Amino acid sequence: MNELIGLYPAWLEPGIGAGWVIGAIATIHVLFSHASVGAALVFAWLARRAVTANQPQHIDFIRRYGAFLLIFSYVLGSVTGPGIWFAATIANPRGISALIHNFVWLWATEWVFFLIEIAGVYLLVYLAGRVPVKTYLRYATIFALSSVGTLLIIVGILSFMLWPGSPDWYQTGGVLSAFFGESMFAQLAVRFFFMLTITGVVGGFAAAKTTDPAEKAYIARTLSSLGAFGAVMGTLCFYWFMSSLAPETADVIGTRMPESFGMMMGASVGVALAYFAFTAWRPTMVAMVPAAVATVLILVLGLAPGETAREIIRKPWVAGRYVYANQVVGRDVPALGIQSELPKLEQKGILGTHPFLPENLRNPQTRWERLEAGRAAGIAACSSCHSLTVSGIRPMREFFPKNASAADIETWLGAGLHRGHIAYMPALPLPEMDRRVLAEFLAEMIKLQAENPDQAAHYAVKGFPKDQYEEKK
Ligand code: HEC
């Protein structure tokens, strides 16, 4: 039994791919969470001004914006946040496990901050006008500090998915060297500033409902200056973030990043700046529709490619540059007693080490057994990044020539992939039997997909029909 490695069953999502399920939930979540943290800073600013400049009408705006956030950020954010957990846990159990093992106390701390935030937003909404302004300012300050605390912690953990803050972490295993590093600070700065941009736009929903013209003008101009400042600083910090990335990622960025991403992100900054210029010039025109249009444009043009790019540049790893996207541990972490599983994989293959493989497929003989074993190997080793059907993430058949034979594929599996020469794919040193069955399966899938894509998809997901394949040796 000690031959096995700790792989889990794979989550096959044949339509769009498990990765996109997480990506879609996460992108929306980023909008909700950033809108809330940015708003918390605006609240603290306005509450302070309510006290020091004697502007109690600001409290009214905070109450209205807070009530909007209760639904927009807190209800929807609390649905999408655990949504990411559920999706990521089944898509990538070992990646999540790596994050939890390294950051359990930081995560616990984050949840404490969340609780304070949730209590805080209720206090700000329901006690507005019912407690002295100075007390209200204290609530707003605590709300702002705990909100920024959640951002700080989650960015450190997200950065670790790219790589540990400091390279000596592999030797020391210390949580602080996992957490802090230049790239983490750069990512924190990018998120912090673009968060102000998001707040500038989303705040428009609450500003639109403000009836007092002077107050509306003040709020609209505050939001637009804040948003424009965030857009300019965020763009500058984005270059810092790119320059802080490890040299290995240059390869992945150069070959993998769609050119349209840069243009889309540039366009979203442009849209935001134009919106802020307009609302600063004509504060009375701040209304629901323009705010909604600007929010959707920022989500689609800015956040979606931004978060996708972050996913692309950590390929082929999923956490700490030691867990591959396909769950295999690909390098030693001496400090944690973690050993690379590649040597074992090279010796015993997926067929010999995967715990969730039917025994009859460990040493496949018939054509049907070989195809099914190849399918299991493909699901385990490749499906996290390549769809085995014709839709979804990077459908496998697009990467092999249309008439690729099993022998061609087997040669390829033994060459580049074996030694890890392809920057964005895991090194996969598979023994001969694994390579043979995987190649046989891939060749059959590519052939079937050309003839009958629906049937091919059905076989890839449900398995090959035994009676049809058994006799063909
Ligand atoms: C960590 C994610 C990941 C895993 C796991 C993975 N690949 Fe890839 N693979 C990629 C990416 C990214 C590309 C580049 C795709 C593109 O060009 O859009 C790629 C490209 C390819 C190509 C094209 C060759 C090339 O030089 O670009 C082939 C063939 C391929 N993969 C086969 C496989 C097979 C077979 C497996 C399983 C044994 C596998 N991949 C596992 C991410 C992965």
Side-chain angles (χ1 to χ4, degrees), residues 7-8 10-12 17-20 22-23 91-92 94-95 98 161-163 248-249 251-261 308-331 341-342 345-346 349-351 353-354 373-389 391-446 449 460:
L7 297 169
Y8 290 79
W11 176 20
L12 260 193
W20 282 116
I22 305 178
N92 215 308
R94 293 181 108 193
M161 293 181 73
L162 283 178
W163 53 77
E248 304 95 278
T249 45
D251 239 16
V252 178
I253 294 174
T255 49
R256 297 277 39 92
M257 201 68 81
E259 275 171 25
S260 57
F261 275 20
T308 312
R310 189 177 56 77
E311 292 293 297
I312 291 176
I313 57 184
R314 67 169 165 67
K315 290 276 176 312
W317 306 100
V318 71
R321 296 205 152 233
Y322 70 97
V323 184
Y324 278 131
N326 62 6
Q327 308 283 298
V328 173
V329 172
R331 73 172 279 178
E341 291 164 343
L342 297 184
L345 213 53
E346 180 159 25
I350 295 168
L351 301 187
T353 57
H354 201 301
R375 191 171 77 87
I379 290 175
C382 323
S383 74
S384 54
C385 301
H386 295 284
S387 154
L388 300 177
T389 67
S391 58
I393 299 180
R394 296 183 206 95
M396 187 67 98
R397 62 143 191 196
E398 288 172 14
F399 296 102
F400 290 102
K402 294 241 172 325
N403 50 359
S405 70
D408 297 338
I409 299 178
E410 193 179 332
T411 310
W412 182 84
L413 289 172
L417 196 66
H418 197 83
R419 280 179 269 288
H421 284 168
I422 310 176
Y424 39 81
M425 263 196 290
L428 269 183
L430 297 177
E432 203 190 331
M433 170 74 93
D434 279 44
R435 276 184 271 147
R436 181 162 349 124
V437 296
L438 184 54
E440 198 169 329
F441 162 70
L442 290 174
E444 181 66 16
M445 282 320 291
I446 293 168
Q449 279 169 352

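In this chain, numbering begins with 1 at the start of the sequence shown. In each ligand, atom 1 is the first atom listed, and ligand 1 is the first ligand listed. In this text, all values refer to a predicted model and were calculated from it rather than measured experimentally.
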*Asks:* Can you tell me how far CE of Met433 sits from CG of Leu438, rounded to the nearest 0.5 angstrom?
*Replies:*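 Between Leu438 CG and Met433 CE, I get 13.0 Å after rounding to 0.5 Å.
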*Asks:* When you measure from atom 38 (C) of ligand 1 to every protein heavy atom, which one gives the shortest distance, and what is it?
*Replies:*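 Going atom by atom, the protein heavy atom closest to atom 38 (C) of ligand 1 ends up being Cys382 SG, 2.6 Å.
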*Asks:* Against heavy atoms of Ala381, which atoms of ligand 1 measure under 4.0 Å?
*Replies:*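 Taking each heavy atom of Ala381 in turn, ligand 1 has 5 (C), 37 (C), 38 (C), 41 (C) under 4.0 Å.
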*Asks:* Check contact between Leu417 and ligand 1, using heavy atoms of the residue and a distance below 4.0 angstrom.
*Replies:*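 The answer is yes: ligand 1 sits under 4.0 Å from a heavy atom of Leu417.
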*Asks:* Ligand 1 versus Ala325, non-hydrogen atoms closer than 4.0 Å: side chain, backbone, both, neither?
*Replies:*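 The answer is the side chain.
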*Asks:* Should you measure from each heavy atom of Trp412, which atoms of ligand 1 turn up under 4.0 Å away?
*Replies:*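 Those of ligand 1 that fall under 4.0 Å from Trp412 are 28 (C), 29 (C), 30 (C), 32 (C), 33 (C), 35 (C).
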*Asks:* Should the proximity of Ala377 to ligand 1, defined as any heavy atom under 4.0 Å, be assigned to the side chain, the backbone, both, or neither?
*Replies:*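 Contact part for Ala377 vs ligand 1: neither.
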*Asks:* Hey, looking at atom 31 (N) of ligand 1, which of Arg394, Glu398, Arg397, His386 has the closest heavy atom?
*Replies:*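 Among Arg394, Glu398, Arg397, His386, the closest heavy atom to atom 31 (N) of ligand 1 comes from His386.
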*Asks:* Which atoms of ligand 1 sit under 4.0 Å from any heavy atom of Leu428?
*Replies:*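 In order of number, 38 (C).
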*Asks:* Suppose we only count N/O/S atoms under 2.8 Å; would Met425 qualify as near atom 8 (Fe) of ligand 1?
*Replies:*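 A backbone or side-chain N, O or S atom of Met425 is under 2.8 Å from atom 8 (Fe) of ligand 1.
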*Asks:* What protein heavy atom is closest to atom 16 (C) of ligand 1, reported as residue, atom name and distance in Å?
*Replies:*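 Heavy-atom neighbour on the protein nearest atom 16 (C) of ligand 1: Arg256 NH2, 2.9 Å.
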*Asks:* Between Glu398 and Arg394, does a salt bridge (Lys or Arg N to Asp or Glu O under 4.0 Å) hold up when you go through it step by step?
*Replies:* CA-CA 7 Å; Glu398 288 172 14; Arg394 296 183 206 95; over 6 Å; no
*Asks:* Could you tell me the residue and atom name of the protein heavy atom closest to atom 14 (C) of ligand 1, and the distance to it rounded to 0.1 Å?
*Replies:*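 Atom 14 (C) of ligand 1 sits closest to the protein heavy atom Tyr424 CE1, 3.2 Å.
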*Asks:* To the nearest 0.1 Å, how far is atom 1 (C) of ligand 1 from its closest protein heavy atom, and which atom is that?
*Replies:*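 Protein heavy atom at minimum distance: Cys385 SG, 2.8 Å.
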*Asks:* Can you list the atoms of ligand 1 that are under 4.0 Å from a heavy atom of Lys315?
*Replies:*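 Selected atoms, number and element: 1 (C), 2 (C).
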*Asks:* Of the listed options (Phe399, Trp317, Phe400, Tyr324), which comes nearest to atom 15 (C) of ligand 1 when hydrogens are ignored and any heavy atom counts?
*Replies:*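 Among Phe399, Trp317, Phe400, Tyr324, the closest heavy atom to atom 15 (C) of ligand 1 belongs to Phe399.
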*Asks:* To the nearest 0.5 Å, tell me how far Leu442 CG sits from Phe400 CZ.
*Replies:*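 Rounded to the nearest 0.5 Å, the CG-CZ separation comes out at 5.5 Å.
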*Asks:* Hey, is Ile312 touching ligand 1 through its side chain, its backbone, both or neither, going by heavy atoms under 4.0 Å?
*Replies:*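 Neither part.
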